[in-house]
Amino acid sequence: MEATRQRRLIEAIATRMITHAEELTALDQAIGDGDHGLNMKRGFEAVLAKADEIAAKSPAEALKAIGTELVMKVGGASGPLYGSLFLGIGKGLTGPLDRAGLVAALQAGIGDVEKRGKSSVGQKTMLDVLVPVAARLAAGADLAAIRQTAAEAAAATVPMLAIRGRASFLKERSIGHMDPGARSSQLLIEAVCDVLEENV
Ligand code: ADP
Ligand code: MG
């Protein structure tokens with residue numbers, strides 16, 4: 001991938017997180033401690049500050065650099081979890097940048113999140129967006145369908161009972177709110193789709 005497109009991807013993801021920080025914080029205020037927006041903002045501002053350096057790397061190394069930055073700069077659960085996701089995708093990206101290669105890499109990243117979080121799909125977390133998106137990607141879906149899957153999957157966390165993370169402390173009171181990490185994962189997927197849809 002050319003460095004300019006890679007830079008566009010980094011910028012698009014980081015900007016999306018930073019501009020939605022207040023929304024993510026509001027979601028986390030309802031069922032957590034209200035820091036998810038700030039956590040994501042802090043992490044992706046650090047990524048943005050190194051955008052040139054990261055964009056010059058190979059896709060796999062760039063993903064690992066983003067993961068490292070998130071692990072180092074972000075507190076809370078989401079730093080290590082998003083860090084694991086990017087590191088895992090980077091490590092998993094061993095083959096060509098085609099659909100099969102991307103699916104394998106995304107699945108490796110998801111596997112690392114599951115390991116780190118001792119979590120799985122259905123527990124009202126970021127995994128409830130990432131897992132169905134990976135499945136749709138594996139099934140050959142186009143970008144519009146992937147975008148739609150991410151939106152529906154984030155919305156589907158509203159009626160879920162939280163089993164992992166701070167929201168699980170609320171037990172039944174976690175029901176009726178969208179999971180903040182599911183929403184940030186949706187934003188991440190949308191930003192990637194936006195750049196891949198650009199005709200440059
Ligand atoms: P904290 O919970 O430490 O305040 P954040 O508010 O930044 O961290 O992130 C919360 C989000 O992290 C949740 O909405 C959820 O999606 C995700 N999360 C929390 N714990 C886990 C876990 N064990 N596995 C997967 N995702 C998790
Ligand atoms: Mg929080």
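We count residues from 1, following the sequence as given. Note: hydrogens, waters and symmetry copies are ignored here, and every other heavy atom, side chains too, is used. Remember, it's 1-based here, ligands and their atoms both numbered in the order they're listed.
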Proximal ligand 1 atoms for Gly165, defined as those under 4.0 Å from one of its heavy atoms: 19 (C), 20 (N)
Part of Leu81 with heavy atoms under 4.0 Å of ligand 1, whether side chain, backbone, both or neither: side chain
Nearest-neighbour protein heavy atom for atom 22 (C) of ligand 1, which is reported as residue plus atom name and distance: Ser119 OG, 3.7 Å
Residue that, paired with Val47, satisfies side chain to side chain contact (heavy atoms under 4.5 Å, CB included) out of Ile13, Ile18, Ile10: Ile10
Subset of ligand 1 atoms that lie under 4.0 Å from at least one heavy atom of Asp35: 4 (O), 5 (P), 6 (O)
N or O contact, Met126 vs ligand 1, cut-off under 3.5 Å: yes
Closest approach of any protein heavy atom to atom 13 (C) of ligand 1, naming residue and atom: Asp179 OD1, 3.5 Å
For the Mg ion (ligand 2), the closest N/O/S atom belonging to Asp33: OD1
Of the listed options Ala167, Gly79, Ser78, Ser168, closest to atom 7 (O) of ligand 1 (non-hydrogen atoms): Ser78
Sub-4.0 Å heavy-atom approach of Lys118 to ligand 1: no
Nearest-contact summary for atom 23 (N) of ligand 1 - protein heavy atom, Å: Gly117 O, 2.9 Å
Side chain Gln6, main chain Ala55, donor-acceptor under 3.5 Å: yes
Closest approach of any protein heavy atom to atom 3 (O) of ligand 1, naming residue and atom: Ala77 N, 2.7 Å
Backbone of Arg42 reached by a side-chain donor or acceptor of Glu45 within 3.5 Å: no
Asp33, any N or O under 3.5 Å of ligand 1 N or O: yes
Test item: Lys124 and Ile163 side chains (from C-beta on) under 4.5 Å apart, heavy atoms: no
Taking atom 26 (N) of ligand 1 as the reference point, the nearest protein heavy atom with its distance: Thr125 CB, 3.3 Å
Side chain, backbone, both or neither: the part of Pro180 lying under 4.0 Å from ligand 1 by heavy atom: both
Met126 and Leu81, any side-chain heavy atoms less than 4.5 Å apart: yes
Sub-4.0 Å atoms of ligand 1 with respect to non-hydrogen atoms of Arg166: 1 (P), 2 (O), 3 (O), 4 (O)
Gly83 to Val71 - nearest heavy-atom pair and separation: CA-CG2, 3.6 Å
Where ligand 1 meets Asp28 - atom numbers and elements under 4.0 angstrom, heavy-atom basis: 6 (O)
Ser174 (side chain) donor-acceptor with Leu170 (main chain) under 3.5 angstrom: no
Protein contact of atom 5 (P) of ligand 1 - nearest heavy atom, named by residue and atom, plus distance: His36 ND1, 3.4 Å
Flag, side chain of Thr157 to backbone of Asp179, donor-acceptor distance under 3.5 Å: yes
Atom indices of ligand 1, in the order listed, that fall short of 4.0 Å to a heavy atom of Gly76: 3 (O)
Check: Val121 main-chain N/O paired with Asp128 side-chain donor or acceptor under 3.5 Å: no
Backbone of Ala151 reached by a side-chain donor or acceptor of Glu190 within 3.5 Å: no
Sub-4.5 Å side-chain heavy-atom contact between Leu127 and Glu114: yes
Angle at the Mg ion (ligand 2) (to 10°), with one arm to OD1 of Asp35 and the other to OD2 of Asp28: 90°
salt_bridge(Arg136, Glu152) N-O dist < 4.0 Å: no
